[in-house]
Amino acid sequence: MEKKEILTEENYLKGKKKIKSIALIVLTIGLLLGGSLIITGIVKQNAVNEKYSEENKAKELQQLESEKQQLSNQVEEEKQNLIKSKEDLEAKIKPIEDEIKNLKRVTFTGFDDAYYARQDKIEELNESIAVDKKSIDVIENALDESFDHCAFDSAKNNNYTSSYCSLKNELKAKNGEIYLLDNKYTDFNKKFESEKYVPFYIVGGFILIVSIMISGSIYMMTKRREIAAFSAQQMMPIAQEGIEKMAPSVGKAGASIAKEMAPTYGQIAKEISKGIKEGLKGEEKKEKK
């Protein structure tokens with residue numbers, strides 16, 4: 001069975017390519033996710049800035065003033081309708097009130113049947129116009145500018161005044177919106193609403209930094225050989241220069257040491273030679289015996 005080699009240049013290049021792809025994927029995902037969060041924050045921040053701009057404030061004020069004018073016209077129109085309704089009701093009950101007035105003016109001749117008949121008729125006539133008279137009172141109250149009767153149910157729920165009061169309350173609310181418009185467009189409100197989108201920048205920036213760091217670490221794994229080669233190449237001229245400069249000194253030192261030690265080495269060699277010769281003579285004597 002043929003043994004498969006792992007440590008080959010081809011396998012190294014394939015692995016290097018895969019690691020680069022992983023680094024690129026991590027970086028791309030980080031840029032997309034972090035960048036989208038930051039862009040979202042910028043878009044929303046711009047929307048807040050536009051919302052609280054002087055141009056938008058002037059535009060809203062103009063819109064409110066236009067709506068106020070429309071409501072004012074409608075209130076005035078409904079007011080005229082109420083006045084007409086009041087006049088119609090008054091015209092409707094006037095004959096009956098005149099009849100009641102005439103019955104009351106009949107000379108009193110005692111508590112006879114005629115008297116009680118007149119009283120019953122007067123009561124009957126008053127009951128017949130009671131609802132209309134109440135409506136007239138409600139209309140008069142609703143039209144009274146010195147007091148806001150439209151804030152009460154008696155005017156808001158009356159058939160004649162309900163529409164008028166509804167429009168008048170809308171107009172009142174619209175005036176309140178115009179009055180509070182300056183309180184709406186304040187730096188505090190703008191800052192408060194803008195702060196809601198700060199996390200978009202923080203989280204997006206964090207994701208970008210982390211993804212760059214991780215992808216960079218992964219990518220640097222593919223450059224270890226180049227870095228090692230660069231380090232070696234960086235040190236080689238210094239080492240070479242050092243060797244070249246040190247070689248003569250080392251050579252001279254070696255020559256001096258060798259020269260000084262030469263007598264000693266010669267004496268040692270002489271003693272060793274002498275010892276060998278004596279050893280050989282001793283062996284010859286043993287053999288002759």
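Taking both residues in full, the closest heavy atoms of N183 and N189 are given as O-ND2, 3.0 Å, listed atom of the first, atom of the second, then distance. Taking each heavy atom of I19 and I218 in turn, the nearest pair found is CG2-O, 3.3 Å. Across every non-hydrogen atom of S85 and I139, the tightest pair is CB-CD1, 4.3 Å. Pairing each heavy atom of L208 with each of G35, the nearest pair is CD2-N, 4.1 Å.
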CA sep, side-chain torsions, deciding dist, call: K92, D88, salt bridge (charged side-chain N to carboxylate O under 4.0 Å, His left out) | CA-CA 6 Å; K92 176 183 176 182; D88 291 343; over 6 Å; no
Chi angles and distances behind the side chain to side chain contact (heavy atoms under 4.5 Å, CB included) call for E67, L64 | CA-CA 5 Å; E67 293 173 357; L64 290 173; 4.0 Å; yes
Side chain to side chain contact (heavy atoms under 4.5 Å, CB included) between E177 and K174, intermediate numbers included = CA-CA 5 Å; E177 288 184 48; K174 193 64 63 179; 3.8 Å; yes
Begin from the C-alpha positions of V106 and N102 and carry the test side chain to side chain contact (heavy atoms under 4.5 Å, CB included) through to its verdict.
-> CA-CA 7 Å; V106 174; N102 291 332; over 6 Å; no
Can you list the steps and then say if K156 with N169 is a side chain to side chain contact (heavy atoms under 4.5 Å, CB included)?
-> CA-CA 10 Å; K156 289 193 295 185; N169 288 332; 3.9 Å; yes
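Separating the NZ atom in K168 from the CD atom in E170 is a distance of 13.5 Å, to the nearest 0.5 Å. Between the OG1 atom of T186 and the CG atom of L181 there is a distance of 11.0 Å, given to the nearest 0.5 Å. A distance of 11.5 Å separates CD1 in I212 from OG in S217, rounded to the nearest 0.5 Å.
Atom CD of E50 has 12 or fewer neighbouring heavy atoms from other residues, nucleotides or ligands inside a 6.0 Å radius. Counted within 6.0 Å of CG on D113, heavy atoms from surrounding residues, nucleotides or ligands total 12 or fewer; the atom is thus considered open. Around the CZ atom of F200, the shell of radius 6.0 Å holds more than 12 heavy atoms that belong to other residues, nucleotides or ligands.
Under the 4.5 Å side-chain heavy-atom criterion for ILVMFWY residues, a single connected hydrophobic cluster contains both Y164 and Y160. Transitive grouping of hydrophobic side chains (ILVMFWY, heavy atoms separated by less than 4.5 Å) keeps V138 and I93 in distinct clusters. A continuous path of Ile, Leu, Val, Met, Phe, Trp and Tyr side chains, each step under 4.5 Å between heavy atoms, connects V48 with Y185, placing both in one hydrophobic cluster.
For the pair N175 (side chain) and L171 (backbone), a donor-acceptor distance under 3.5 Å is present. A donor-acceptor contact shorter than 3.5 Å is absent between the side chain of S166 and the backbone of S162.
Taking the side chain as every heavy atom from C-beta outward, I100 and I129 approach each other to under 4.5 Å. Put simply, the side chain of N49 reaches to within 4.5 Å of the side chain of K190, judged on heavy atoms. D148 is listed as a side-chain neighbour of K172, based on a closest heavy-atom distance under 4.5 Å. Under the 4.5 Å side-chain criterion, counting only non-hydrogen atoms from C-beta, K133 is in contact with E97. Two residues are said to be in side-chain contact when any heavy atoms from C-beta on lie closer than 4.5 Å; D137 and E140 meet this criterion.
Between the side chains of Q80 and E76, at least one donor N or O sits under 3.5 Å from an acceptor N or O. A donor and an acceptor atom, one from each side chain of N73 and Q69, are located under 3.5 Å apart. For Q45 and Y201, the side-chain atoms include no donor-acceptor pair closer than 3.5 Å.
Between S53 and the options E55, K51, K57, a side chain to side chain contact (heavy atoms under 4.5 Å, CB included) holds for only E55.
Under 4.0 Å is where a charged nitrogen must lie from a carboxylate oxygen, and between K94 and D98 at least one such pair does.
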